Number of protein chains: 2
Amino acid sequence: MPAIESPGGPIACGASSHNFKHNLETTVMTAKITNLREQFKTTTRQELTRVGLELFLQQGFATTTIDQIVEPLGISKRTFFRYFATKEDLVVEWQSEMTPAFVDELNNRPREETPFKAVSETLLSLASRINTNPELAFALMRLLKETPSLAGRDMERRMVWEQALTATLIEREGPKVMPRLKARITVGMAMTAWTAALDEWYLGGGKANLRPIMEKAFSLVTDQQ
Amino acid sequence: MPAIESPGGPIACGASSHNFKHNLETTVMTAKITNLREQFKTTTRQELTRVGLELFLQQGFATTTIDQIVEPLGISKRTFFRYFATKEDLVVEWQSEMTPAFVDELNNRPREETPFKAVSETLLSLASRINTNPELAFALMRLLKETPSLAGRDMERRMVWEQALTATLIEREGPKVMPRLKARITVGMAMTAWTAALDEWYLGGGKANLRPIMEKAFSLVTDQQ
DNA sequence: TGTCAATACGTCACTAAGTGACAAAATGTG
DNA sequence: CACATTTTGTCACTTAGTGACGTATTGACA
């Protein structure tokens, strides 16, 4: 069982910690009494994603109930749905949360890069994150592929990224050289290559190095006649 | 309220027909006793999609219950789920059902066309279908955009098309000139243009002519440096 | 036309996701 | 310590979706 990287950083995933209260108290101790309430909520959020992903990877998404996720943490079902609107959000929400990071990355790309190149490099920055923990990335991807409802949400996430990057690209290049349709297609093409590369990596069992596959995919886009 | 085109053909949508039995009997009369059972099922299917889409367009997807769809037809809720696995399938399933038509279209494209051109023309053939009833297409698209769960299923449908067309393209060109990654990207690029064009059309209120937008989108892909 | 197997349907009971309302507990502030 | 705010738990409820089982309808054949 690999470590699970939740939004707040990597968290050990082996020992199924029933010591929820203890974690909270140590957090309080170390955090010098700034915003205790937010601290609690952040921790709860992390614990929920940790336990949830553990169970999903172990026994599948559909067969895991909210009660099973909530029970070892001593949290009520109702509270779960105050943190996550749906069961699926537990898996995909952190992906949407990294949208601003992508936008920043694209904004900070050198001005002399072509639009497509800038977007490609932005997406490539995610590849290195995946390389940090390939086993987990592969397991998560299998979960997404095998669970229809999750696959759908994953596609939605892709659309969110596309829209954000499209808006950023228009801003960056100006609407004259880069009107909406053109921007959308530039981003879409880069995203297409990205997705295709990720699928290729997945079909190979997640063992290959992702970066060269991605670079190959991006070059296939630019070489198209 | 526009007419709704269900898989079996266009069906008038205005008069909310409570004459389910009558429809069935006339069907039997005209159909020369071939396969009565299948006839019944096909009609039931069409009636369910018709009433369902009517209600979804009138009062929204989430606020419409299965009971509301089933009640005017005198069908039980249980039977609904023997025809459609989920509520969402009522809206998107017919799209998946046209996958083989796309595959045929691509297979029958002239051999001298470039791969990208062949796929593009295949997708363009759908545009003319949308032009048949733009008001309905626009209404359905709004439904898809405004309902998260439907948007997700719609994306799934896109993936199904992409995979089918990718496999067909590999077959058509041979795996040597067209390996998997390359085929996937070629199809993905065409689909990207297609989606972008459809969005552009939607953002314009669905009033413009779809075809020129699509052709513009496809040319933007090929003109990419 | 009557009989019988296959298939489709309705009813009932059930699980689980998700929501609204309200009271209790914890926290932030003075 | 007292009070307003926020968070949580409990309870009741709606709705999607499923399994089991009995009944009705159809197809095939005598």
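Keep in mind that this is a model prediction, so the values were computed, not measured. Per chain, numbering begins at 1; letters A, B, ... match sequence-line order.
- The minimum heavy-atom distance linking A:Arg180 with A:Thr166 is given by the pair O-CG2, 4.4 Å.
- The backbone N or O of B:Gln59 lies less than 3.5 Å from a partner atom in the side chain of B:Thr63, making a donor-acceptor pair.
- Between B:Tyr83 and C:dC9, a side-chain N or O to OP1/OP2 separation shorter than 4.0 Å is present.
- The separation between B:Gln39 atom CD and C:dA8 atom C1' is 16 Å, rounded to whole Å.
- Residue contacts shown for B:Phe84 are absent, as no nucleic acid heavy atom lies under 4.0 Å away.
- We find that B:Arg153 and B:Asp89 are joined by a salt bridge, their nearest charged nitrogen and carboxylate oxygen being less than 4.0 Å apart.
- Phosphate contact (OP1/OP2 of D:dG17, side-chain N/O of B:Lys87, threshold under 4.0 Å): absent.
- You'll find that the side chain of B:Thr65 is closest to D:dA16, out of D:dA16, C:dC9, C:dG18.
- Comparing B:Glu38 and B:Glu88 along DNA chain D, the residue whose closest nucleotide (by nearest heavy atom) sits nearer the 5' end is B:Glu88.
- Summarising the geometry, the separation between CD on B:Gln59 and P on D:dT15 is reported as 12 Å, rounded to the nearest angstrom.
- Going from atom CZ of A:Phe40 over to atom P of D:dG9 covers 12 Å, rounded to whole Å.
- Using a 4.0 Å heavy-atom criterion, one finds that A:Ser149 contacts no nucleic acid atom at all.
- Within the structure, a side-chain polar atom (N or O) of B:Ser76 is placed less than 4.0 Å from OP1 or OP2 of C:dG10.
- In this structure, the CD1 atom of A:Ile69 is 12 Å from the P atom of C:dA16, given to the nearest Å.
- Between B:Phe56 and B:Phe61, the ring planes lie tilted relative to each other; the angle falls in the 30° to 60° range.
- Residue-level contact check: A:Phe80 touches neither bases nor backbone, having no heavy atom under 4.0 Å from any strand.
- Atom CD1 in A:Ile66 sits about 16 Å away from atom C1' in D:dG9, given to the nearest Å.
- For D:dG9, its base never sits under 3.5 Å from the side chain of A:Lys77 at any donor and acceptor pair.
- Regarding A:Phe81, its CZ atom lies at a distance of 18 Å from the P atom of C:dA21, rounded to whole Å.
- Within a 6.0 Å radius of CD in B:Gln68, other residues, nucleotides and ligands contribute more than 12 heavy atoms.
- In this model, a side-chain donor or acceptor of A:Arg82 finds a partner on the base of D:dG9 within 3.5 Å.
- The distance between atom CZ of A:Arg78 and atom P of C:dG18, rounded to the nearest whole Å, is 12 Å.
- Computed from coordinates, the A:Asp67 CG to C:dT15 C1' distance equals 11 Å when rounded to whole Å.
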